[in-house]
Amino acid sequence: MAQLKASPACSTRATAPSFHTTGHLYHHFWKAKPSSFKELGLRTSVGANKLQVIKAAARSDTEVVSETTKAGGLRGKLNKVVLAYSGGLDTSVIVPWLRENYGCEVVCFTADVGQGIKELEGLEQKAKASGACQLVVKDLKEEFVKDYIFPCLRAGAVYERKYLLGTSMARPVIAKAMVDVAKEVGADAVSHGCTGKGNDQVRFELTFFALNPKLNVVAPWREWDITGREDAIEYAKKHSIPVPVTKKSIYSRDRNLWHLSHEGDILEDPSNEPKKDMYMMSVDPEDAPDQAEYVEIGLESGLPVSVNGKSLSPASLLAELNEIGGRHGIGRIDMVENRLVGMKSRGVYETPGGTILFAAARELESLTLDRETIQVKDSLALKYAELVYAGRWFDPLRESMDAFMQKITETTTGSVTLKLYKGSVTVTSRTSPFSLYREDISSFESGQIYDQADAAGFIRLYGLPVRVRAMLEQGI
Amino acid sequence: MAQLKASPLCSTPATAPSLHTTGHLLYHQFWKAKPSSFKELGLRTSIGATKLKVIKAAARSDTEVVSESTKGGGLRGKLNKVVLAYSGGLDTSVIVPWLRENYGCEVVCFTADVGQGIKELEGLEQKAKASGACQLVVKDLKEEFVKDYIFPCLRAGAIYERKYLLGTSMARPVIAKAMVDVAKEVGADAVSHGCTGKGNDQVRFELTFFALNPKLNVVAPWREWDITGREDAIEYAKKHNIPVPVTKKSIYSRDRNLWHLSHEGDILEDPANEPKKDMYMMSVDPEDAPDQAEYVEIGLESGLPVSVNGKRLSPASLLAELNEIGGKHGIGRIDMVENRLVGMKSRGVYETPGGTILFAAARELESLTLDRETIQVKDSLALKYAELVYAGRWFDPLRESMDSFMQKITETTTGSVTLKLYKGSVIVTSRMSPFSLYREDISSFESGQIYDQADAAGFIRLYGLPMKVRAMLEQGI
């Protein structure tokens, strides 16, 4: 990270988009075409329509809650709620809101998935100041890499041709830990600060459903009438909650060991190029070293185990490659993606270590897998990525496809050397004890295994349908 | 089988098409040929310079391989000992002396019992010895065939080209694997089969040999010798004092095992023809089946059948029982034109009574235990799985990896299905599973806690968002 240019806009939350994303709705309004004014008006007004929606939501949630207890808050009664907590303004406000609306205790939970030490500083103090009864922090970096990132790498899962699923993989590991914590502290509900416009709400809640369908789920952003940053600050002041002092970030960011994502501000217009000073994990290729660097990745049964001959744990290996890749400007991805909830969104990702690993795995497979196997594996990888993106990590379908991936990559063992130069990754060497590539076959010399005369028979039979069709057309 | 009408046409080799297939194919095609294709047929059937050239090329290729390990000892080279897939019919009886003459080797005949019927196994040892074999090895592979080959395909839902339940395709790898094992046991350096060069089975045998023991030499006489048909074979047998098996002439080429009986040849070679009623052997004609339907309950555990009408049975016994039940109700007749691996189209009629029942049972149980998207992915993989099995790639890591998927995804496919069998049709009448994802409290019209009807509004708005955005764009909104 030493070579990264410092940026004043560097507040990054682990578990929830920042308020600024929602506040930026005003940007939408400003950019709207005149012809869509009516639609926007309907969507943004605090009128009868919204009240109706709120009432419907409240009724639905209260029906569930009231089954188990009598009223104790504005919306019903919960005993104890585990909240995915970042320490930012939004989750700081959610703590008192939960207490006020559900009459419950709030246990704040923060997962360390590699978002950086700065993000974890002073959290307990902040949580208590907001009214939480306790803060639980769990270091999940090794589990995140070994059990979530590496299966996706082995599968070759890439969403919509580019996205390496950094946020998609992080949410289930966090949500699973929340279910575990809920059990540990005897909570009857979990809560998250995701907006109703993103994918993460689905990822959190599908994981909750899959692991503990009895848990109540509270999603304040889909229930409350706070509309943006200013509203949140006002609510905090009214309830004597310290407003976190953070530099205003114009981007919404999410960081973990695999990637850093940027959304919002000028990125919301896909015709804009990102500004140079937005990036944090990688050097601009134009500023990267003029000298290329070679890195050797060792893999065993489809999973990376070493960098430049040194065996490393999953999380350490990835951290090392982030460092190496970042200084060469590797892994910048700029894309417009289709969200699960139906809209298109623009995101820019930095995935330096992951990009290196994907290149290594792909090149090694070119030695170890035959043509048809690669076709089937790549076809399944598309579906695999789709399931992970959609928050279906714990679905038997993903698990069964993972059984396929584990089996088919048993022989993907060996090493790949890659050349990193000004944003590009080039393969320079590949070796494997299970290689199906044989020089004695592919060279021009004759040999025992491949008899050139065999090609005559192969061609005649491979081409038989072609010939029969032609004979038919020519009346032969 | 008691209710099946006896047919005089019932010679069915287990491991190789009969000589008659080839003889019949060639002559029949010639007779049916359009005048405009006479030249092509003439070229293909003539014993002229072209064929001799091909034979020489083949001989050179094979001899090069063989001569690496030994000096000349036969017309084509030297092999020490060859394991031959042996049916006892005319073709494999002739192959025994041909191998001895051309490769100077000992011949070990091997016959796998995969449920082709006791009649097919009678007197084999005597026949083999009379042909010049040094020994006959017979192995009962019925349970292994069903448990390790048929049931994985059933669990995968593998069906080739919409209809074919892969009866012959599954049998060849189990036989070929056993041949590799026998070759090791008797110290053989080669294996041989009597498949023609026009069929799929040559590929299935040889790919299995390649996968399990790439060092074994493979001899395929039909692709090497100049015997062109049944008459040639009889003449060769007489010349070498080999008893000609006395069998009633069958106008069909048949292959039978515990899963199915296949019919090819004769009038079937014209797909415009309907099969004759008296061709069928494993099933009663639906028009002659009982007027009273029969119900059969199949129990499954993790995607595999375990019981029939509450009675637990071993894989082979279970299948045999269902063949009996299904056969008497005319279940499982399949008539199709299929694309062979070697490129041509061929016509085949199959009888798969027990298998058809099992496929219906597995499919119905999965409708309870698998969600929408899982069924879509599984069915998509089943197409590829069937293709690999048809192509003889049983021992390919790709099929094995897809099987890992199938095994995992069917962990919850446990329960029972009751089917109604009536005059050729199979209808589901009941299905239950402790892992069912079907819940009456959700699907009924009553309101409930899990499914809140108000949720549909939000779901529809978001599910339809791209559609709405597209419409807004088109209407300039």
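This is a predicted model, so every value here is computed, not measured.
- Put simply, OG on A:Ser379 and NZ on B:Lys384 are 9.0 Å apart, with the number rounded to the nearest 0.5 Å.
- Going from atom NZ of A:Lys407 over to atom CD of B:Gln407 covers 10.0 Å, rounded to the nearest 0.5 Å.
- Here the closest heavy-atom approach between residue B:Pro466 and residue A:Gly342 is recorded as CG-O, 3.3 Å.
- Atom CG of A:Leu397 and atom CZ of B:Phe405 lie 5.5 Å apart (nearest 0.5 Å).
- Taking each heavy atom of B:Ile409 and A:Pro396 in turn, the nearest pair found is CD1-O, 3.5 Å.
- Judged purely by atom type and a 3.5 angstrom limit, B:Ser404 has no side-chain atom pairing as donor or acceptor with the backbone of A:Phe404.
- Looking at every heavy atom in both residues, A:Val341 comes nearest to B:Leu465 through O-CD2, 3.6 Å.
- Only the side chain of B:Leu388 comes within less than 4.5 Å of a heavy atom of chain A; its backbone N, CA, C and O stay farther away.
- For the pair B:Met344 and A:Leu464, the tightest heavy-atom approach, listed with the atom from each and the gap, is N-CD2, 3.5 Å.
- For a residue to count as touching a neighbouring chain, one of its non-hydrogen atoms must lie under 4.5 Å from one of that chain's; by this rule B:Asp403 does not touch chain A.
- Contacts of A:Asn338 with chain B are absent, with no heavy-atom separation under 4.5 Å from either backbone or side chain.
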Is there a side chain to side chain contact (heavy atoms under 4.5 Å, CB included) between B:Arg393 and A:Glu372? Walk through the geometry before answering.
CA-CA 11 Å; B:Arg393 294 170 60 183; A:Glu372 197 159 4; 2.3 Å; yes

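- Interface residue B:Glu387: only side-chain heavy atoms are found under 4.5 Å from chain A.
- Remark: B:Glu400 CD is packed, more than 12 non-hydrogen atoms of other residues, nucleotides or ligands lying under 6.0 Å away.
- When heavy atoms are compared at a cutoff of 4.5 Å, A:Asp402 does not approach chain B at all.
- Here A:Leu461 is the residue among A:Val466, A:Val468, A:Leu461, A:Thr409 with the most heavy-atom pairs under 4.5 Å with chain B.
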Derivation and outcome, side chain to side chain contact (heavy atoms under 4.5 Å, CB included), residues B:Val377 and A:Leu380:
CA-CA 9 Å; B:Val377 171; A:Leu380 278 181; 4.3 Å; yes

